[in-house]
Amino acid sequence: MSDLAAPSVAMPAKRRVTQLVMLGFAVLITMAAYANVGLAVDGKIPSGMLTYGLGLGVFMLAAYLVLAKFAPWADPLLLPLVTLVNGIGLVMIYRLEVAGAGGASATNQLIMTGAGVVLFAITLIVLRDHRVLQRLTYTAGFAGLFLLVSPLIPGLGKSVNGARIWIGFGAASIQPAELAKIALVVFFAGYLVAKRDVLALAGRRLLFIDLPRARDLGPVLITWAVSLGVLVLQKDLGSSLLLFGTFIVMLYIATQRTSWVLIGILLFVGGAFIASQIFDHVHARIEVWLDPGNQQFFDRELGGSAQLMQGMFAMGAGGILGTGLGQGHPSLIPLSFSDFIFAATGEELGLTGLMALLMVYALIVERGLRTAIAAREPYTKLLAGGLSFILAWQVFIIVGGVTNLIPLTGLVTPFMSQGGSALLANWVLIALLVRMSDAARRPPPQAIQNEGMTQVFQR
């Protein structure tokens, strides 16, 4: 009998209470921040504070109950940490809505949070054993690839701000790359588990590096070509970097060969450089990255530096401690509720607030990596490691872009930025990590049976 199918024992009561207290604390922080915005803007507590607070609290309580029932041994920190980040994002979107930022809607974000929790619950209820996904390796690969390129289909995809990364259904639209990233990680994990022994074989030695055999470069070159295709055809640097970086890191996890990482870096940097010399939209991104203060780039309609510079000015104005919630001017930043919500948060919470926020992200990633280390099967290790990395990599890409460490991309800050596609996909990602955490932390079958007998005798 599978260890995941063995009789289960409920999570210890002390752990359940601790998790519930942390979850409540995250909701209380959100409500306090919400009240702070209202007091700073017009001197009174917002009338909708209880509505938003109770709404978030009810959603998270529902998520907790599903987790306690269907994944009782899961990491107790994951859900409270995600709730805190989601709540701070909700507060910032409300702040931007009050400031008059066009398009910002805290109500819509709360509704999408509820939808994300529903998907979180459905994933845990339906997917009782995550190893089922290994049998869907190539199905997930084809689905992920189709989702990634679907915006290029005439009549289905549409361009927004120069990038063709959306598909529309009437008035509604989604960004399929957000869902594609999860499907592709499932594919990468299944493929690399099956091929890791072959990919780990060494060919010739160059200096201190054992190079892989030439015949094994095929998967890397295919992924490299797809990522460059996304960069060139869809003008989506973010998804391109996310896709290729995730594959290379998962390849390293599977084979423990540094040469794959070096080859991946050289391929991507070389491909991006060639693309920047051939394609205007790639060249424009590089120009802005190298000289964002250039007035010629600042005033450019597409691919200009105005958004980047406004974001950097905002973070500079925030300083170490920030202007305080409700006391900055975040609405001056274009798309401050989506692409640049990190910069808007930096203005009002300062460097201290941003470091605390990044620490919360780091803790979420650390809990995911701990699950990968504790996992008993190679597939679980790869899948948990890949999902954890893709979250960390996305945070690095958006923070690096906003601070001009790397060229600006079209990615959004996980769980904070307004937008349905990213929020829904990230809640599914967390559900998968919770499911694998439950499997990794669950005691062996014999221990569960002994514990069950102990509980019977205690009654």
Side-chain angles (χ1 to χ4, degrees), residues 123 127 129-150 176-203 210-231 239-268 271 368-369 371-373 375-394 425 428-429 431-433 435-436 439-440:
T123 303
L127 190 66
D129 185 348
H130 64 277
R131 292 174 299 186
V132 172
L133 297 175
Q134 188 171 4
R135 297 201 292 266
L136 303 175
T137 294
Y138 289 98
T139 301
F142 284 121
L145 188 60
F146 174 78
L147 287 170
L148 196 63
V149 302
S150 58
E178 294 292 340
L179 301 173
K181 68 184 182 184
I182 297 177
L184 290 173
V185 169
V186 172
F187 166 69
F188 292 157
Y191 176 81
L192 292 174
V193 163
K195 303 293 184 181
R196 60 177 180 164
D197 292 336
V198 174
L199 294 171
L201 294 176
D210 290 324
L211 297 176
R213 299 181 304 174
R215 73 185 73 172
D216 299 328
L217 285 174
V220 176
L221 294 177
I222 292 172
T223 309
W224 174 68
V226 171
S227 65
L228 284 184
V230 171
L231 172 63
S239 295
S240 175
L241 186 56
L242 192 68
L243 166 66
F244 192 67
T246 301
F247 178 72
I248 292 299
V249 167
M250 292 183 69
L251 184 56
Y252 171 74
I253 295 173
T255 63
Q256 301 294 306
R257 299 189 64 79
T258 308
S259 56
W260 284 119
V261 178
L262 297 178
I263 290 172
I265 293 174
L266 290 175
L267 281 174
F268 190 85
L369 293 177
T371 295
I373 292 173
R376 303 180 183 97
E377 309 88 13
Y379 178 75
T380 305
K381 289 181 179 292
L382 263 179
L383 185 57
L387 292 174
S388 301
F389 175 78
I390 206 170
L391 184 61
W393 192 227
Q394 188 168 341
V428 172
L429 186 153
L432 292 174
L433 285 178
R435 170 54 66 211
M436 288 183 285

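Residue numbers count from 1 along this sequence.
- Residue T246 comes nearest to W393 through the heavy atom pair OG1-CD1, 4.2 Å, listed as atom of the first residue, atom of the second, then distance.
- What you find for G144 and A180 is that their closest heavy atoms are O-CB, 3.4 Å.
- With hydrogens and angles disregarded, a donor-acceptor distance shorter than 3.5 Å links the side chain of K381 to the backbone of I373.
- Remark: F142 CZ to T137 OG1 distance equals 11.5 Å, nearest 0.5 Å.
- Looking at Y138 and Y191, their side chains come closer than 4.5 Å, going by heavy atoms from C-beta outward.
- Within the 4.5 Å cutoff, the side chain of T371 has no heavy atoms near those of the L433 side chain.
- Separating the OH atom in Y379 from the CG atom in L133 is a distance of 4.5 Å, to the nearest 0.5 Å.
- Inter-residue side-chain proximity for L242 and K181 is flagged as met; some heavy-atom pair is nearer than 4.5 Å.
- For the pair F188/L382, no side-chain contact is recorded, criterion being any heavy-atom separation below 4.5 Å from C-beta on.
- Between the OG atom of S388 and the CD1 atom of I253 there is a distance of 8.5 Å, given to the nearest 0.5 Å.
- Note: L184 CG to M250 CE = 10.0 Å, rounded to the nearest 0.5 Å.
- Rounded to the nearest 0.5 angstrom, F187 CZ and F247 CZ are separated by 7.5 Å.
- Annotation: the span from L432 atom CG to L387 atom CG amounts to 6.0 Å, rounded to 0.5 Å.
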